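Scroll down for the structure; my scribbles are underneath it.
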Amino acid sequence: MEEVTADRIRLWYRAHRPPIDALLIALLSVLAALLGFTGVWSIFSLLPSDSVSPWWTLATALPACVLVLTKTRAPWTSLVLATAVFAIDLVTTGGLGPFIVLLDVLWTAAFAADARQRRRLLLALALGVIGMFAAALAIAAAPAPMAFLVAVQFGAFVGTDYWWAVAVAQAHELAELHRQRAEDAAAAAERERIEAVMRERETMAKELHDVVAGHVLAMAIRAEAALATPADEDGDRAALRAVRDAGLDAHEALRSMIAVLRRGGGELSATPRLADIEGLVDEARRSGLRVAYDRDELPALPDAVEQAVVRIVREALANCLRHAPGCEVEVVLRHDGNRVDVRVLSHGGAPPASAAYRGAGWGLSMLAERVDALDGEFSAGPTGADEWLVRAALPVRAS
């Protein structure tokens with residue numbers, strides 16, 4: 001309860017600080033006059049010492065308090081006026097109030113100033129201390145040691161006030177800098193998190209498309225073909241075996257992906273290798289395609305290039321199943337020393353019985369992205385009335 005009350009008092013004071021400070025300084029000046037306190041800077045006074053009443057100090061103290069109300073909105077103007085009032089008070093009544101107001105307004109100006117303004121203000125304070133020393137010698141005809149002591153006292157007050165304001169301002173600036181850096185770091189982390197999620201989703205989408213979607217499509221097309229022909233025990237059993245094999249492959253791929261997603265780390269699916277192309281060709285043949293496969297002896301390829309070659313063949317064969325079941329396909333891999341050339345040419349076949357097999361074109365666009373990332377060339381399109389060619393040229397050295 002006490003902490004809540006203290007917090008409320010602090011918040012209230014901060015919200016009404018200028019008028020409260022002005023009132024407190026005014027009350028302090030009245031109290032000093034009531035106690036007969038005068039002549040703080042009596043050596044500078046041009047008035048006869050016996051004719052100065054303590055109440056005369058209010059003539060400069062109360063107007064000076066007004067500058068406390070304007071210090072936040074116009075710190076430099078308030079500082080100039082406070083200096084002028086202090087100078088007048090210095091050579092007249094020598095009260096306490098104008099000096100306190102000067103320190104208060106000086107603190108606010110130093111706190112609000114930028115680096116250049118602070119350097120100028122520091123120079124002005126140094127000149128003020130020198131001026132105080134010269135005034136003590138000229139006006140008060142004080143001995144040099146006393147004049148020096150007065151200047152040091154004045155410099156200690158204004159110097160400490162200036163140092164305190166600058167230290168607080170720099171602490172605020174440092175806190176603001178750290179806050180901004182923390183916000184920037186949080187924003188960067190959020191962007192990285194979003195990018196990581198997007199990359200992960202993209203990877204999952206590619207794996208699902210490349211591995212699972214192909215098996216599921218083969219199952220559907222093979223079953224469709226068996227249903228569209230007269231009953232044949234041998235043919236139907238072969239179709240069921242193909243559907244079973246594709247289903248098992250799809251199931252294994254899904255299990256692998258689920259395991260990676262649950263445990264983290266690892267590969268979503270087995271890394272494609274050139275040796276897998278034979279299996280892709282056999283699977284395509286079991287699904288009804290007539291595939292001819294011809295390849296050169298290939299050297300050891302960079303992993304990214306090898307995976308791209310396998311994925312191109314897989315997607316091209318899947319498209320043949322999707323768009324022209326039963327077509328003839330030529331899969332050719334060539335190597336000329338600098339690059340690997342992949343060609344999948346299909347012709348013939350029949351349009352699919354169901355429009356659901358036709359796909360949305362994502363596979364070819366993803367292949368184009370893979371090949372482009374390796375600084376290769378990719379093309380896919382018709383080459384004749386009944387032909388379709390998927391071609392990619394990949395540099396042997398992956399970039």
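Given the structure is predicted, the values throughout are model-derived calculations rather than measurements.
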message: I'd like to check Leu301 versus Leu394 (side-chain heavy atoms, cut-off strictly below 4.5 Å). Are they in contact?
response: no
query: Parallel under 30°, tilted from 30 to 60°, perpendicular over 60°: which one fits the rings of Phe99 and Phe86?
result: tilted
message: Between Val30 and Leu58, does the side-chain contact (heavy atoms from CB on, under 4.5 Å) criterion hold? Intermediate values first, please.
response: CA-CA 7 Å; Val30 171; Leu58 300 181; 4.1 Å; yes
message: Clusters formed by hydrophobic residues whose side-chain heavy atoms approach within less than 4.5 Å: which one holds Leu11, and what are its other members?
response: none
field: Salt bridge Asp114-Arg119, side-chain N to carboxylate O under 4.0 Å
entry: no
field: Closest non-hydrogen atom pair, Cys327 against Gly348
entry: CB-O, 3.5 Å
Sub-4.5 Å side-chain heavy-atom contact between Val396 and Val305: no
query: Is Leu62 linked to Val85 within one hydrophobic cluster, defined over Ile, Leu, Val, Met, Phe, Trp and Tyr using a side-chain heavy-atom separation of less than 4.5 Å?
result: no
query: Can you check whether Met132 reaches Leu90 side chain to side chain, under 4.5 Å on heavy atoms?
result: yes
Polar side-chain atom of Asp296 near backbone of His335 as donor-acceptor pair, under 3.5 Å: yes
Derivation of the side-chain contact (heavy atoms from CB on, under 4.5 Å) call for Leu345 and Glu387: CA-CA 7 Å; Leu345 178 66; Glu387 292 184 342; 4.2 Å; yes
query: In this structure, which one of Leu280, Ile277, Val390 forms a side-chain contact (heavy atoms from CB on, under 4.5 Å) with Leu317?
result: Leu280
Val105 and Leu81, any side-chain heavy atoms less than 4.5 Å apart: no
message: Using side-chain heavy atoms (C-beta onward) and a distance below 4.5 Å, is Arg120 in contact with Gln117?
response: no
message: Can you give me the closest heavy-atom contact between Leu79 and Ala109, atom names plus distance?
response: CD2-CB, 4.0 Å
Shortest non-hydrogen contact between Val68 and Pro18, atoms and distance: CG1-O, 3.6 Å
- prompt: Is the shortest heavy-atom distance from the side chain of Phe154 to the side chain of Val129 under 4.5 Å?
  reply: yes
field: Euclidean distance, Leu367 CG relative to Arg314 CZ, rounded to 0.5 Å
entry: 10.5 Å
message: Less than 4.5 Å apart, side chain to side chain, heavy atoms only: is that true for Trp107 and Lys71?
response: no
- prompt: For Val371 and Ala393, which heavy atoms make the closest approach, and how far apart are they?
  reply: CG1-O, 4.5 Å
field: Arg116, CZ atom: more than 12 neighbouring heavy atoms under 6.0 Å
entry: no
- prompt: If two hydrophobic side chains count as joined below 4.5 Å and joins carry through other members, does Leu28 share a cluster with Leu106?
  reply: yes
message: Does Phe157 have more than 12 heavy atoms from other residues, nucleotides or ligands lying within 6.0 Å of its CZ?
response: no
statement: OG of Ser29 to CG of Leu34, rounded to nearest 0.5 Å, is 12.5 Å
From CD1 (Ile194) to CD (Glu190), nearest 0.5 Å: 4.5 Å
- prompt: With a 4.5 Å heavy-atom cut-off, do Leu102 and Thr83 have their side chains touching?
  reply: yes
query: More than 12 heavy atoms of other residues, nucleotides or ligands under 6.0 Å from CZ of Arg17: is that the case?
result: no
query: Is any NZ, NE, NH1 or NH2 atom of the basic residue among Arg285 and Asp282 found under 4.0 Å from an Asp or Glu carboxylate oxygen of the other?
result: yes
message: Apply side-chain contact (heavy atoms from CB on, under 4.5 Å) to residues Val309 and Val340 and explain how you reach the verdict.
response: CA-CA 8 Å; Val309 169; Val340 175; 4.2 Å; yes
field: Heavy-atom closest pair, residues Ala22 and Cys65
entry: CB-O, 3.5 Å
task: In plain terms, say whether Glu306 and Arg273 are close enough for a salt bridge, that is, a side-chain N and a carboxylate O under 4.0 Å apart.
output: yes
- request: Kindly work out whether a path of hydrophobic side-chain contacts (I/L/V/M/F/W/Y, heavy atoms less than 4.5 Å apart) joins Val66 to Leu103.
  value: no
Shortest non-hydrogen contact from Trp76 toward Ala113: CZ2-CB, 3.6 Å
statement: In this structure, NE2 of His347 is separated from SG of Cys320 (nearest 0.5 Å) by 10.0 Å
- request: May I ask whether Leu96 and Trp55 are part of the same hydrophobic cluster, defined by side-chain heavy atoms of I, L, V, M, F, W, Y residues being less than 4.5 angstrom apart, directly or through others?
  value: no
message: Working note: Arg118 + Gln170, criterion side-chain contact (heavy atoms from CB on, under 4.5 Å); need CA distance, chi angles, decisive distance, verdict.
response: CA-CA 12 Å; Arg118 286 171 186 164; Gln170 290 176 343; 4.2 Å; yes
- request: Output yes when Glu183 and Arg179 qualify as a salt bridge under the 4.0 Å nitrogen-oxygen rule, no when they do not.
  value: yes
message: Membership question, hydrophobic clusters at under 4.5 Å side-chain separation (ILVMFWY): are Leu24 and Trp12 in the same one?
response: yes
- request: Give, for atom CG of Asp184 and atom CG of Leu177, the distance between the pair rounded to the nearest 0.5 Å.
  value: 9.5 Å
Atom pair CD (Glu377) and CZ (Arg391), whose distance is rounded to the nearest 0.5 Å: 6.5 Å
